[in-house]
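Beneath this line is the structure, given in structure tokens, with notes to follow.
Order of listing sets the numbers, starting from 1, for every ligand and every atom in it.
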Amino acid sequence: MSDESLVARLLDLAREILREVGSPPQWRIIGAEQQHEIDPLNGDIVPFTMLLLSHDGEPVGTLPTLTGDVPDDLALTAFVEQVYDTLVEDSWGEVNRPCPGHRHPSWPTVREGELFWHCPTDPHRWDTWKPGYRENHPS
Ligand SMILES: [Zn+2]
């Protein structure tokens, strides 16, 4: 995946999460920044992409990061969990996406490149099946 399309994908996911938590006005996506680090074990150059966020006009200190350049479901899920964690923790739990019918928030994950939300206490409960997903993936 090219650098530009990876950055675009991460920004899309972050925007979708912000929409799902009600587009709180105190949160802004500034952009995404790509950097590299050297793996101390083997000397490999490892790319990573950080999402730049601001909260109440201040840059956020701990930034959600996708490590590597292969945005598979596992890497994207780790990324969306960090984005969501940052939103929830930095707003003291005020910003979240409620789990329908429950008193806790739902949790984001990525399946086949798409953002989904699930219940943290019932792994079989998904409340936003995308159109056609359930038909194509009978459990
Ligand atoms: Zn729930």
Side-chain angles (χ1 to χ4, degrees):
M1 184 172 252
S2 75
D3 287 358
E4 294 77 23
S5 56
L6 175 60
V7 164
R9 185 77 196 102
L10 297 181
L11 289 173
D12 278 349
L13 283 169
R15 286 189 199 106
E16 195 174 346
I17 292 170
L18 270 182
R19 269 199 308 276
E20 291 282 335
V21 299
S23 304
Q26 67 270 33
W27 284 97
R28 292 253 188 284
I29 298 169
I30 300 167
E33 193 174 286
Q34 293 194 302
Q35 295 185 15
H36 295 84
E37 63 187 355
I38 309 287
D39 186 330
L41 295 179
N42 53 24
D44 286 353
I45 295 173
V46 181
F48 61 96
T49 311
M50 291 181 308
L51 183 73
L52 308 176
L53 290 165
S54 73
H55 181 223
D56 287 334
E58 298 290 326
V60 170
T62 305
L63 298 169
T65 301
L66 183 126
T67 303
D69 52 10
V70 182
D72 58 13
D73 283 353
L74 209 61
L76 289 174
T77 293
F79 174 76
V80 297
E81 285 180 341
Q82 291 174 63
V83 174
Y84 190 60
D85 255 345
T86 301
L87 297 176
V88 172
E89 285 179 15
D90 283 21
S91 51
W92 302 97
E94 222 170 85
V95 168
N96 66 67
R97 183 187 187 282
C99 187
H102 291 168
R103 297 170 68 95
H104 51 240
S106 12
W107 211 253
T109 192
V110 174
R111 289 183 160 194
E112 296 179 16
E114 297 282 326
L115 182 69
F116 286 90
W117 296 86
H118 66 94
C119 174
T121 62
D122 180 357
H124 300 295
R125 183 175 157 177
W126 298 78
D127 60 35
T128 52
W129 295 91
K130 308 279 170 166
Y133 190 91
R134 200 188 291 268
E135 292 75 20
N136 297 328
H137 301 81
S139 48

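Applying the side chain to side chain donor-acceptor pair (under 3.5 Å) rule to pairs touching residues 71-80 yields T77-T109, sequence neighbours excluded. Sequence neighbours left out, the pairs with a member in residues 25-54 that pass ring pair (Phe, Tyr, Trp, His ring centres under 6.0 Å) are W27-H55.
Under a 4.5 Å side-chain heavy-atom cut-off, the cluster of Ile, Leu, Val, Met, Phe, Trp and Tyr residues that includes W92 has no other member.
Between the side chains of R28 and S54, not a single donor N or O lies within less than 3.5 Å of an accepting N or O. Side-chain contact, E33 with Q35: a donor N or O sits under 3.5 Å from an acceptor N or O.
The set of protein atoms (N, O or S) found at less than 2.8 Å from the Zn ion (ligand 1) reads C99 SG, H102 ND1, H104 NE2, C119 SG, by chain and number.
For the side chain to side chain contact (heavy atoms under 4.5 Å, CB included) criterion with L51, the lone passing option out of L63, V7, L11, L10 is L11.
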